[in-house]
Asks: 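Sharing a structure with you now.
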Amino acid sequence: MVRDIEGQARRGAFEGAAIGRGVYVISVAAELAGMHPQTLRVYERRGLLEPTRTGGGSRRYSEHDLARLRRIAELTDAGLNIEGVRRVIELEAELAELRAELERERELARLREKEIHRHYRRDLVPLSQAVVHVKSSQIRRL
DNA sequence: ATTCTTACA
DNA sequence: TGTAAGAA
């Protein structure tokens, strides 16, 4: 569809700066990833990737897709097969989500602790100012 | 030029 | 697993 790779890359860099929209046609995405178009199709069929589709049905790869392709390249070079790559990426996404959740919970805990200390200060009265009435029978018990 | 299917190293 | 050829 578009043979001008530089033109495509420029558009991708520009539009991608705003949002990670699908902009690259498969031939350009493959070129940028150092792979063959067929390889990208195989990855998609195996569930490693899911580029958006145009109304006509052709694939459009986003900057995020390219980043994923680079990650796939790292893992395959490390010796993982496609299924291994798929599971690693899946777990990495899950880990990132859990870490984000942990941070949110930590922030909530920090706010709750802060609130508790506020109550403490409001209820406490310095001993030097306290007026205490104690029966002599209670003092002996101490 | 892209899609999918089929075949090969 | 990745690549190539075929046809639409």
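Chain identifiers are assigned alphabetically (A, B, ...) following the order of the sequence lines, protein sequences preceding nucleic acid strands; residue numbering begins at 1 within each chain. The figures here come from the full heavy-atom set of this structure, side chains too, leaving out hydrogens, waters and symmetry mates.
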Asks: Step by step, would you call A/E83 with A/R86 a side chain to side chain contact (heavy atoms under 4.5 Å, CB included)?
Replies: CA-CA 5 Å; A/E83 178 58 18; A/R86 192 190 67 73; 3.0 Å; yes
Asks: Using a cut-off of strictly less than 4.0 Å between a heavy atom of the residue and any atom of DNA chain C, enumerate the qualifying residues of residues 71-82 of chain A by number.
Replies: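 Within residues 71-82 of chain A, the residues near DNA chain C are A/N81, A/I82.
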Asks: Is any side-chain N of the basic residue among A/R112 and A/E115 closer than 4.0 Å to the acidic one's carboxylate O?
Replies: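 The answer is no: the pair does not qualify as a salt bridge.
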Asks: Determine whether A/Y43 and A/V85 satisfy the following criterion, side chain to side chain contact (heavy atoms under 4.5 Å, CB included), listing intermediate values before the conclusion.
Replies: CA-CA 10 Å; A/Y43 286 166; A/V85 170; over 6 Å; no
Asks: Go through the side-chain N and O atoms of A/Y24 and A/E31 and say whether any donor and acceptor fall under 3.5 Å apart.
Replies: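 Result is no, nothing qualifies.
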Asks: Closer than 3.5 angstrom, by distance alone: can the side chain of A/R68 be matched with the main-chain N or O of A/I89 as a donor-acceptor pair?
Replies: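 Side chain of A/R68 to backbone of A/I89, a donor-acceptor pair under 3.5 Å: no, none is there.
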Asks: Could you go through A/R59 and A/T52, starting from their C-alpha distance and side-chain angles, then the distance that decides it, and tell me whether this counts as side chain to side chain contact (heavy atoms under 4.5 Å, CB included)?
Replies: CA-CA 6 Å; A/R59 300 173 176 80; A/T52 60; over 6 Å; no
Asks: Hey, does the side chain of A/S58 come within less than 4.0 Å of B/dA1's phosphate (OP1/OP2), counting only N and O?
Replies: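 No, no such contact exists.
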Asks: Quickly work out the A/E31 CD to B/dT2 C1' distance and round it to whole Å.
Replies: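 About 16 Å, once rounded to whole Å.
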Asks: For A/R53, does the CZ atom sit with more than 12 other heavy atoms under 6.0 Å from it, leaving out its own atoms?
Replies: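 Result for CZ/A/R53: enclosed.
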Asks: Listed in order of residue number, which residues of residues 35-48 of chain A have a non-hydrogen atom at under 4.0 Å from DNA chain B?
Replies: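 Hits under 4.0 Å, by residue number: A/Q38, A/R41, A/R45.
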Asks: Between A/I26 (CD1) and C/dT3 (C1'), how many Å, whole number?
Replies: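 A/I26 atom CD1 is separated from C/dT3 atom C1' by 13 Å.
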Asks: Would the distance check show the side chain of A/T76 and the main-chain N or O of A/I72 forming a donor-acceptor pair, the cut-off being under 3.5 Å?
Replies: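 Answer holds: yes.
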Asks: In whole Å, what is the span from the OH atom of A/Y24 to the P atom of B/dT2?
Replies: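 Taking atom P of B/dT2 as the reference, OH of A/Y24 is at 15 Å.
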